[in-house]
Number of protein chains: 2
Amino acid sequence: MSDQRERQPPSRRIAEKLRAAIMRGDLGDGDQLPSERDLAARYATARNTAREALGILQAEGLAQAQHGRGVFVRLRRPLMRMGRDRYSRRARNETGLSPFRIEVERQGRTPHTECRSVTTVQPPADVAQRLGLDAGQEVIRRENWYFADDEPMQVGVTYIPTAVVEGSPLASEKKLGRGSIYQRFEDLGYPIARIREEVSARMPTPEEVKGLSMPPGVPVIELLHTSLDGDGRAFEVTRFVMRADVNGLDYDMPVED
Amino acid sequence: MSDQRERQPPSRRIAEKLRAAIMRGDLGDGDQLPSERDLAARYATARNTAREALGILQAEGLAQAQHGRGVFVRLRRPLMRMGRDRYSRRARNETGLSPFRIEVERQGRTPHTECRSVTTVQPPADVAQRLGLDAGQEVIRRENWYFADDEPMQVGVTYIPTAVVEGSPLASEKKLGRGSIYQRFEDLGYPIARIREEVSARMPTPEEVKGLSMPPGVPVIELLHTSLDGDGRAFEVTRFVMRADVNGLDYDMPVED
DNA sequence: GCCGCCAACTGGCTTAAGCCAGCTTCGATG
DNA sequence: CATCGAAGCTGGCTTAAGCCAGTTGGCGGC
C-alpha cells in the first residue's frame, strides 16, 4: 500500500519501457526495436536480460523477432471478421464461394482455398460425440486451408459420417475436394436446419505455428461447427482453427424466448 | 527431405520429452514435473537450459510453475461453456441471476459476482463507435467481476450512454452496482431486440494476468456485446474478457435468409 | 501439544562469456 | 557492370555460477 510502484526485475522493467514506447506511438507497427546488445548496453545489464525483455514483448504478441535482422513491432492488424451472414443461403449457394471467401473479398484481399486431403478415418472423440457416432464408425475427413493474399489464415477440417454420403456423388473423394460442401447437402436430403457453433481459444500447437506461419505469442480461435438437420441430428462437423490476430467472429441474433 | 527428425536445440528436445510424457498420460493433471536442477542433472545440461524447457511447456499452457513448490502439469479443465440460452428471457429475468451465474451453477460450482466500480468516463474508441457516440459524449462505466468457487473467471465492463439512463432510477450509480442490468432496460423504454456479439482472442495484458490470476501462456477470449433496440440503435455495450482455458461460448442458430 | 525456527528444497532472475546461424552491405574481383 | 564473398551486424542458444525468495517439514524448546 505504501509503495505504489512495485519492485520489478530488470527484464520486466525494460519490457515495460518498450511497451510504453509502443503504446505512446513512439514505436509504430513494423519499426525495429533496439537490438539485444544495444539494450544491454543502454540499461547496463547482461545481454541475456535484455533478451528476456524482448522475449516478454514477443510473448505478448507486441513484437516479433526475425533471425539475423532484428526485433520488430507487430501491432495487431485489423481483424478480418467472419461476419454474421456467413452462413446465409446466399453465402452457401454462391457458386464456389465459401463464407470465408466472401469475407476476404469484402476486405479487398485475394481469397484462395486449397484442399490438402480427403481421407477416411476414425473421428476424434469430440467430433464422434457431436455426430452421435459409436466407437469404430468411420468418417470422411477433408482438410481445407484458407488463404488471404497467399497468407494462410485458417484451417478447416470437416468430418462427415460415411453413412451420410454413401451411394451419393459426394462419396467420391475427388468431389469432396472441390468447393464448399455446405451448398451440396440439400441435394443429399440433408437440408441444414440449424447450425451450432462452439468457440474457444488456445495457444497453437507447434504444427499449427508452422502451418499457419504464426508469430509466437498469438493464440488461435477454435470454432467447432456442427450442422443439424430438421430433426436435430448432426450430419457434419467442421473444426476451424484460425489465427486470432487477424480473425474474429460476429454473431447477430434476435432476442426472444 | 532426407533426415526426417529435425535437429532441435536441447531445451526444445527436453520440452518435447516432457510433453510426450504428458500426452502419453505418464504425467497427469496436477502431477509435479522434475525440478529444474533435476532435469539439468538428468540431461547433463545447465540449469538454465532445463529452465528454458520448463518455460516452453508453460508457454504452451501445459504446465504451471509455483514459486518454491515446483512445476506442475496443468491440463485444460473442461470448458465452462457460456451456453446458447444465455440471453434468453428466462436468463435475463431470473432475479439476480446473470447468464453467467446460471452457467456456473449448472456446472455445480458456486457463482459470485462483484461490482468493482461504477464511474462516468469517456468511452474507448471501439465502444464509442458501436454506441454511435460523438467524441466527448460520456458514458457510465460499470466493472463487474465474475467468480466460480472464488476463482476469478471473467470481467465485464459495461458502457451505457448517460443519455439512456438520464432521469431514471438507473442513473443512480448505486443502483447500477447491483445485479444484472439486462433485465432493467425494458422498464426504461429500451427493450432488447437484437444482440450483436463480436468474438476475438488475444494474450492477456499484465493487469489481466494479475486480476484473473491466470497462468502464463493462456489466452483470453474477448467478447464485445452490443444490445440493440427495435430500431437497431445500440444503447449498451459490454466487453467481456474471460480466461480461455476454462471458458467457451456456444451459439445455436436457425439457418434461413 | 503447540509454536517457532531453521535447513533443505523449490522456482525467479541475473551475470558474463561464448559459439552458431541468418541477413545486409560493401568492396574487391572478374 | 555484375557477381561473389567476407565483415559486421542481427537473433538463437548454451554454459556455469550465484543470489534471492517462496515453501515445506522436521526438530527443538517451551
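A note on names: the letters A, B, ... follow the listed sequences, proteins ahead of strands, and every chain is numbered from 1.
Counting to the nearest Å, the C1' atom of C:dT15 and the OH atom of A:Tyr43 are 19 Å from each other. Between B:Gln32 atom CD and C:dG11 atom P the separation is 7 Å, expressed in whole Å. With rounding to whole Å, A:Gln66 atom CD is found 10 Å from C:dC23 atom C1'. Taking atom CD of residue A:Glu36 and atom P of nucleotide D:dT14, one finds them 14 Å apart after rounding to whole Å. A:Ile56 places its CD1 atom 11 Å from the C1' atom of C:dC13, with the value rounded to the nearest Å. If you take CG of B:Asp38 and P of C:dT10, they are 6 Å apart, rounded to a whole angstrom. Distance, B:Gln64 CD to C:dT10 P: 18 Å, rounded to whole Å. In this structure, CG of A:Leu39 is placed 17 Å from C1' of C:dA16, rounded to the nearest angstrom.
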Exercise. Can B:Lys17 and B:Tyr43 be said to form a side chain to side chain contact (heavy atoms under 4.5 Å, CB included), step by step?
Worked result: CA-CA 11 Å; B:Lys17 291 232 176 196; B:Tyr43 289 98; 3.6 Å; yes
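No engagement by A:Arg13 is indicated, since no non-hydrogen atom pair under 4.0 Å with the nucleic acid exists.
For the OP1/OP2 pair of C:dT24 and a distance below 4.0 Å, the side-chain nitrogens and oxygens of A:Arg69 include at least one atom meeting the criterion. At the phosphate of C:dG18, neither OP1 nor OP2 sits under 4.0 Å from any side-chain N or O atom of A:Arg47. Put simply, B:Ser35 has no side-chain N or O that comes within less than 4.0 Å of OP1 or OP2 on C:dC9. For the OP1/OP2 pair of D:dT14 and a distance below 4.0 Å, the side-chain nitrogens and oxygens of B:Ser11 include at least one atom meeting the criterion. Contact check, B:Thr45 against D:dT14: no side-chain N or O comes under 4.0 Å of OP1 or OP2.
Between A:Glu143 and A:Arg141 there is a salt bridge, since at least one side-chain N of the basic residue sits less than 4.0 Å from a carboxylate O of the acidic one. Remark: A:Arg202 engages A:Glu208 in a salt bridge, criterion side-chain N to carboxylate O under 4.0 Å. Under 4.0 Å is where a charged nitrogen must lie from a carboxylate oxygen, and between A:Arg196 and A:Glu198 no such pair does.
With DNA chain D read from its 5' end, the first of the two nearest nucleotides for A:Arg51 and B:Ala50 is the one closest to A:Arg51. With DNA chain C read from its 5' end, the first of the two nearest nucleotides for A:Ala46 and B:Arg37 is the one closest to B:Arg37.
Of the candidates B:Leu39, B:Leu62, B:Ile56, B:Asp26, B:Leu18 forms a side chain to side chain contact (heavy atoms under 4.5 Å, CB included) with just one, namely B:Leu39.
Residue-to-nucleotide contacts include no donor-acceptor pair under 3.5 Å from the side chain of A:His67 to the base of C:dG22. One cannot find a donor-acceptor pair under 3.5 Å joining the base of C:dT14 and the side-chain atoms of A:Asn48.
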